[in-house]
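Within every chain, numbering begins at 1; the chains are lettered A, B, ... in the order of the sequence lines, protein sequences first and strands thereafter. For clarity, every value in this text was computed on a predicted model and none was experimentally measured.
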Protein chains: 2
Amino acid sequence: MDTKLLCLGVLSEGERSGYEIKKLFETRFRHFFVAGFGSIYPALAALAGEGYVTARAVPQAGRPDKRVYSVTEAGLDHFRERLLATAPRHKVRSEFCLLMYFAHLLPPERALAHLDTMVARWEEMLAGDLGLSAADEAALTPGQLFDLGFGRAVVGAARAYCLERRAPLAAALLDRPRAAE
Amino acid sequence: MDTKLLCLGVLSEGERSGYEIKKLFETRFRHFFVAGFGSIYPALAALAGEGYVTARAVPQAGRPDKRVYSVTEAGLDHFRERLLATAPRHKVRSEFCLLMYFAHLLPPERALAHLDTMVARWEEMLAGDLGLSAADEAALTPGQLFDLGFGRAVVGAARAYCLERRAPLAAALLDRPRAAE
DNA sequence: CACAACCTATATCGGAGCGATACATATTGA
DNA sequence: TCAATATGTATCGCTCCGATATAGGTTGTG
């Protein structure tokens with residue numbers, strides 16, 4: 001389970017609760033890793049069962065207790081081992097591309113709306129978590145900096161391509177005879 | 001199951017066997033949808049059970065029979081309905097980015113090797129299925145053309161970024177003191 | 001002030017999904 | 001000769017994750 005691996009990774013930077021880990025996933029890893037509570041809580045429970053992390057209950061005023069996890073020595077070792085054994089993969093699952101592929105079976109305005117939705121989402125990402133200032137970047141490790149730039153490059157390219165091809169696509173979708181180049 | 005949806009989609013272009021569908025997935029959809037036999041065969045069986053496709057056994061010389069599937073009228077309707085009800089998503093799951101994020105815990109040469117592996121894979125994709133000639137492109141629907149360009153843009157951006165940042169990353173990973181910009 | 005909307009916080013379950021594997025044979029290439 | 005590689009179908013079990021439940025606090029707005 002890769003979720004276990006990433007949880008171990010973020011815990012190696014400091015103790016955190018499941019909820020905080022989810023937040024972190026959303027801000028720092030959104031462009032390459034998505035995981036919900038349904039993945040994170042079981043992952044943490046499994047890690048605790050294997051002795052790679054320990055949990056500590058922190059009472060909260062008027063809120064349910066927070067379970068704060070810390071990585072153990074064995075967990076750190078395990079993490080490094082697993083990292084060494086992990087093969088680099090990069091998988092995309094895009095219903096957006098699927099919809100575009102069959103755009104001719106969709107009302108044209110629907111296809112274009114999907115396109116606009118994606119552009120908006122990518123712009124949000126670029127302006128949000130991917131849009132750190134230079135000052136913030138100084139605090140990052142080389143790898144974190146690499147990932148940040150990678151996200152910007154890929155998401156930026158997707159956004160740029162969609163914007164650039166919107167008009168030609170609209171033309172091609174709306175009137176069949178005229179070619180759009 | 002999205003696999004069911006895509007199977008229905010490719011069958012709407014003509015009858016095909018499970019094996020042929022897998023081939024098609026690998027060549028046409030690799031950059032946005034990955035599915036193995038373990039997804040495709042159950043998907044086809046389910047579609048047949050629902051009456052959305054019909055199967056026909058084609059005897060082969062010296063080979064197991066081929067089961068060729070065709071989409072039914074009901075299947076075509078269902079496909080269009082499902083397309084209309086599908087939300088545009090675009091999800092990335094990248095162990096490569098994960099490895100890069102924690103590159104400081106890896107031997108530097110290992111991190112760089114991972115990077116080179118990915119560059120090679122992306123170049124393969126660009127030269128292969130994403131590298132159609134202009135003549136071939138004329139036969140595509142606007143949506144197919146859009147997806148092809150999208151794949152080129154995104155995969156190309158990933159490749160370019162990795163090549164561009166390789167040297168700075170290597171420098172930063174090898175000697176900590178010097179900043180790499 | 002009432003009510004909606006959203007945030008913090010944890011947890012489970014059922015079903016989808018897919019990697020690994022098995023089987024059977026023919027061709028290609030070293 | 002032996003190892004790959006290609007065609008072809010199929011299943012099993014583990015992983016995974018979306019949806020949902022629970023519970024109260026805070027913020028915002030008409």
Enumerate donor-acceptor pairs with a distance under 3.5 Å from any side-chain N or O in residues 139-150 of chain A to protein atoms, sequence neighbours excluded.
unit_1, atom_1, unit_2, atom_2, d
Thr141(A), OG1, Gln144(A), N, 3.2
Gln144(A), OE1, Thr141(A), N, 3.1
Gln144(A), NE2, Glu13(A), OE2, 3.3
Gln144(A), NE2, Tyr101(B), OH, 3.2

When the distance from [atom1] of [X] to [atom2] of [N] is rounded to whole Å, what number comes out?
{"X": "Leu47(B)", "N": "dA16(C)", "atom1": "CG", "atom2": "C1'", "answer": "14 Å"}
{"X": "Asp2(A)", "N": "dC18(C)", "atom1": "CG", "atom2": "P", "answer": "14 Å"}
{"X": "Ile40(A)", "N": "dT15(D)", "atom1": "CD1", "atom2": "P", "answer": "18 Å"}
{"X": "Phe25(A)", "N": "dA9(C)", "atom1": "CZ", "atom2": "P", "answer": "17 Å"}
{"X": "Leu44(A)", "N": "dC17(D)", "atom1": "CG", "atom2": "P", "answer": "14 Å"}
{"X": "Leu6(A)", "N": "dC17(D)", "atom1": "CG", "atom2": "C1'", "answer": "15 Å"}
{"X": "Lys66(B)", "N": "dT25(C)", "atom1": "NZ", "atom2": "C1'", "answer": "15 Å"}
{"X": "Glu26(B)", "N": "dT5(D)", "atom1": "CD", "atom2": "C1'", "answer": "13 Å"}

Note to self: Which residue is it: Lys22(A), Arg30(A), Arg28(A)? I am looking for the one with a side chain to side chain donor-acceptor pair (under 3.5 Å) to Glu26(A).
What the structure shows: Lys22(A)
Item checked: Cluster companions of Tyr41(A) among Ile, Leu, Val, Met, Phe, Trp, Tyr (side-chain spacing under 4.5 Å) -> Tyr19(A), Phe37(A)
Next item on the list: May I ask you to verify if any side-chain N or O of Thr3(B) is less than 4.0 angstrom from the OP1 or OP2 atom of dC18(C)?
Entry: yes
Checklist line | Under 4.0 angstrom between Tyr41(A) side-chain N/O and dA11(C) OP1 or OP2 | finding: no
Next item on the list: Could you name each residue pair satisfying side-chain hydrogen bond (donor to acceptor under 3.5 Å, both in side chains) that touches residues 114-125 of chain B, not counting sequence neighbours?
Entry: Asp116(B)-Arg166(B), Glu123(B)-Arg159(B)
Note to self: Determine whether a donor-acceptor pair (N or O, by modelled atom type, separation under 3.5 Å) exists between the side chain of Thr72(A) and the backbone of Gly51(A).
What the structure shows: yes
Notebook entry, point to check: Does Tyr69(B) have any ring-ring contact (aromatic ring centres under 6.0 Å, His included) partners at least two apart in sequence or in another chain, and if so, which?
Noted result: none
Item checked: Close residues, residues 9-22 of chain B, relative to DNA chain D [heavy-atom separation under 4.0 Å] -> Ser17(B), Gly18(B), Tyr19(B)
Next item on the list: Within residues 88-97 of chain B, find the residues that approach DNA chain D with a heavy atom at under 4.0 Å, and present them sorted by residue number.
Entry: Lys91(B), Arg93(B)
Next item on the list: Tell me whether the guanidinium CZ or amine NZ of Arg89(A) lies under 6.0 angstrom from the six-membered ring centre of Phe96(B) and within 45° of its axis.
Entry: no
Notebook entry, point to check: What are the two closest non-hydrogen atoms of Leu84(B) and Pro107(A), and how far apart are they?
Noted result: CD2-CD, 3.7 Å
Check: Pick the nucleotide of DNA chain D nearest each of Phe37(B) and Lys4(A); which residue has the one closer to the 5' end?
Finding: Phe37(B)
Item checked: Minimum side-chain heavy-atom gap His78(A)-Glu50(A) below 4.5 Å -> no
Margin query: The side chain of Arg67(A) is closest to which nucleotide in this list: dC17(D), dT11(D), dT10(C)?
Written below: dT10(C)
